[in-house]
Asker: 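The structure under discussion is supplied below as structure tokens; questions concerning it will follow.
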Amino acid sequence: MNAPDSSTAPAHFIRTRIAREMAEGLHEQVVTRFPPEPNGYLHIGHAKSIVLNFAMAAEFDGYTNLRFDDTNPAREEQRFIDSIKTDVAWLGYRWKNECYASDYFEILYGYALHLIDRELAYVDEQDADTIRAQRGTLTEPGTESPRRNRPTAENRDLFERMRAGAFPDGAMVLRARIDMAAPNINLRDPVLYRIRREHHHRTGDDWCIYPSYDFAHGQSDAIEHITHSLCTLEFEDHRPLYDWLIENLPVPSRPVQIEFSRLNMDFTVMSKRRLTRLVEEGHVAGWDDPRMPTLAGLRRRGFTPDAIRAFCSEIGVTKSESIIPFGVLERNLRDDLNVRAPRRMAVLKPLKVVLTNFPEGETEWLEAANHPQNPEMGSRQVPLTREIFIEQDDFLEEAPRKFFRLKPGGEVRLRNAFIIRCDDVVKNDHGEVIELRCSFDETSRSGLPGADRKVKGTIHWVSAEHAVTAEVRLYDRLFDVPDPGGDKTADFVDHLNPQSLEILQNARVEPGLEHTRSHEFFQFERLGYFVPDPDFRPGRPVFNRAVTLRDTWARLEAQLASGRT
RNA sequence: UGGGGGAUCGUCUAGUGGUAGGACUACGGACUCUGACUCCGUCAGCGGGGGUUCGAAUCCCUCUCCCCCAGCCA
């Protein structure tokens with residue numbers, strides 16, 4: 001029922017605790033749930049929770065439910081439910097039951113009556129401002145509502161009429177009767193039900209009262225016989241309320257809540273509120289914009305489920321706050337794609353090269369391995385012609401030391417082909433290099449004895465005649481500061497990186513790539529990993545760069561620039 | 001400031017009385033028809049101060065810093 005997961009997963013406090021409980025015979029199996037509210041798309045932070053929940057259940061002979069926490073119809077939509085199911089399934093997980101908190105509305109209503117009958121809940125018709133004022137502050141206790149000691153029969157009558165629609169929205173709420181002086185504010189008679197005439201995406205107009213998170217969540221857990229309700233740290237001080245409700249209600253099981261720290265990553269934002277703003281204000285193209293940390297965005301960018309799962313397992317589970325560098329996620333992608341991605345040649349920014357001693361009109365087909373470390377991935381034939389394109393970055397008229405690429409009079413190997421020498425540099429009126437005239441060394445062809453001759457550099461290329469023009473989209477971090485949401489003096493959108501998207505319309509890719517299917521991925525040698533975008537059309541290939549290769553030269557270059565070497 | 005949490009190499013994370021370990025990064029080197037991959041090596045840490053103990057990241061006291069909570073959001 002679950003996706004493959006590393007059996008060598010390291011111990012963390014939740015796994016350790018559950019293992020101990022299992023050893024003690026506390027549970028026959030572990031049942032978990034992933035409980036998103038369908039009011040947005042899932043992001044990489046959710047992936048951490050998904051992986052944790054499914055892993056714990058799978059490791060301890062249980063299962064995981066997908067439960068939509070749909071208690072606030074004002075913000076929830078069917079399209080979000082659809083996207084969430086798509087994303088969880090894409091990650092490789094199969095939930096046992098598809099559940100909805102709204103499926104339990106009737107049971108929850110009964111539970112509320114149960115509390116009322118035991119004088120543990122009451123109807124309060126004070127307005128929100130009054131209730132807020134009575135709640136007290138962090139340092140001062142609250143004051144009790146004048147309705148707090150209303151007779152049970154009256155509470156029951158009012159609550160039944162609340163449900164029946166006898167009162168306008170916001171006219172009254174049902175509150176738990178706990179302790180207005182509790183140091184934990186969540187215990188100061190929290191709201192359990194509110195009146196809200198809002199069309200619910202599943203229950204339609206059946207209800208005009210809706211349970212709050214606190215009243216719905218734990219009880220839903222209990223109804224589903226969830227053994228471990230795993231959630232993030234901000235719910236830690238809701239746990240006494242969670243436990244109070246479980247203890248005072250005739251629920252069929254007694255789940256426990258365990259909290260862990262949520263995932264934070266640098267140079268991005270993770271809150272649903274901020275992600276929603278990015279989409280609604282048009283800062284990105286949509287929830288699946290490849291720059292978004294959403295699973296839909298990462299998928300479109302070219303991330304694989306395996307890489308994301310490996311990442312989640314690598315970062316661990318603790319209660320300490322952490323900010324994971326985005327590069328850690330990217331490295332997991334590289335590690336995954338390095339072994340799986342077929343190699344191809346593509347030139348992002350073409351520079352024309354004429355091989356002056358190559359016969360005009362001829363094509364030589366050369367064999368190119370699809371993967372240098374894995375012969376089983378086979379090989380393909382790539383065409384070489386008199387005119388080719390190389391990367392503009394691979395030629396420098398005035399090259400620094402340690403520049404192993406092409407320079408006037410210098411030699412370089414064309415990957416899978418010959419060694420060439422740069423004889424002439426052709427410039428336009430602006431002094432820009434527009435063409436190189438090179439000669440090739442026939443004896444240095446790949447596979448021939450002369451191929452042993454060593455040159456410092458090897459560069460990629462494509463045949464000008466055969467290459468396919470493609471659009472290539474390069475992505476950089478969405479924000480240009482590490483913690484865009486942490487700036488109290490500025491709006492986070494002020495830190496958007498204007499360079500986060502670069503579109504190259506004139507890239508040239510080796511023939512064959514125009515027939516690429518979706519979900520295929522490639523390494524464009526020396527450049528990075530690329531995937532076809534959904535915008536890909538026959539005759540108009542569009543590739544996204546998922547991640548670059550590790551670039552030691554770029555680092556060296558930076559060092560040279562700063563005078564370190 | 002009331003309550004709830006958290007502080008271990010640059011980053012993430014083990015270690016819960018017996019030599020602080022791993023991964024990533026960085027740096028150096030080997031290899032290389034991808035400046036990739038791989039391999040080898042190096043640097044680097046217990047928030048501060050007391051105390052208990054033969055011995056403390058771990059136990060005790062104290063201080064400091066960070067995060068969360070005053071929605072009829074989740």
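Quick caveat: nothing in here was measured; it's all calculated off a predicted structure. Chain A is the first sequence line, chain B the second, and so forth, proteins listed ahead of strands; every chain is numbered from 1. Below, all heavy atoms of this structure are taken into account, side chains as well, without hydrogens, waters or symmetry copies.
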Asker: Once each nucleotide of nucleotides 65-74 of chain B is scored for protein heavy atoms under 4.0 Å, what B/S/- sequence comes out, 5' to 3'?
Answerer: --BBBBSBBB

Asker: How many Å lie between CZ on A/F326 and C1' on B/rC24, as a whole number?
Answerer: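 A/F326 atom CZ is separated from B/rC24 atom C1' by 16 Å.
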
Asker: Rounding to an integer number of Å, can you tell me how far A/D266 CG sits from B/rG10 C1'?
Answerer: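 A/D266 atom CG is separated from B/rG10 atom C1' by 12 Å.
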
Asker: If the cut-off is 4.0 Å, is A/T318 near the phosphate of B/rG6, judged by side-chain N/O to OP1 or OP2?
Answerer: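 For B/rG6, OP1/OP2 do not have a side-chain N/O of A/T318 under 4.0 Å.
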
Asker: What does the B/S/- profile of nucleotides 35-46 of chain B look like, 5' to 3', with a 4.0 Å heavy-atom cutoff to protein?
Answerer: BBB---------

Asker: Could you check whether the rings of A/F530 and A/F524 sit parallel, tilted or perpendicular, using 30° and 60° as the cut-offs?
Answerer: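 Ring orientation, 0 to 90° scale: parallel.
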
Asker: For A/S322, which residues count as a side chain to side chain donor-acceptor pair (under 3.5 Å) partner, sequence neighbours excluded?
Answerer: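 By the side chain to side chain donor-acceptor pair (under 3.5 Å) rule, A/S322 matches no residue at all.
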
Asker: For B/rA7, give the paired nucleotide (Watson-Crick: N1-N3 plus N6-O4 or O6-N4; G-U: N1-O2 and O6-N3; both under 3.5 Å), or none.
Answerer: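 Pair assignment: B/rA7 / B/rU64.
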
Asker: Under 3.5 Å, side chain of A/D169 to main-chain N/O of A/R197, donor-acceptor pair present?
Answerer: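 Checking the backbone N and O of A/R197 against the side chain of A/D169, a donor-acceptor pair under 3.5 Å is found.
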
Asker: A/L241 CG to B/rG4 P: how many Å, rounded?
Answerer: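 To the nearest whole Å, that distance equals 16 Å.
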
Asker: Whole angstrom is fine here: how far is it from NZ in A/K319 over to P in B/rU13?
Answerer: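 Taking atom P of B/rU13 as the reference, NZ of A/K319 is at 14 Å.
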
Asker: Honestly, is A/R163 close enough over A/W207, meaning NZ or CZ under 6.0 Å from the six-membered ring centre and within 45° of the axis?
Answerer: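 Yes, a cation-pi geometry.
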
Asker: Find the partner of B/rG2: check Watson-Crick (N1-N3 plus N6-O4 or O6-N4) and G-U wobble (N1-O2, O6-N3) distances, both under 3.5 Å, and reply none if neither fits.
Answerer: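 By the stated definition (distances under 3.5 Å), B/rC69 pairs with B/rG2.
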
Asker: Given atom CG of A/D179 and atom C1' of B/rG2, what is their separation to the nearest angstrom?
Answerer: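 In whole Å, B/rG2 C1' and A/D179 CG are 13 Å from each other.
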
Asker: Return the value, rounded to whole Å, for the distance between atom NE2 of A/H12 and atom C1' of B/rG6.
Answerer: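 After rounding, the reported distance stands at 18 Å.
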
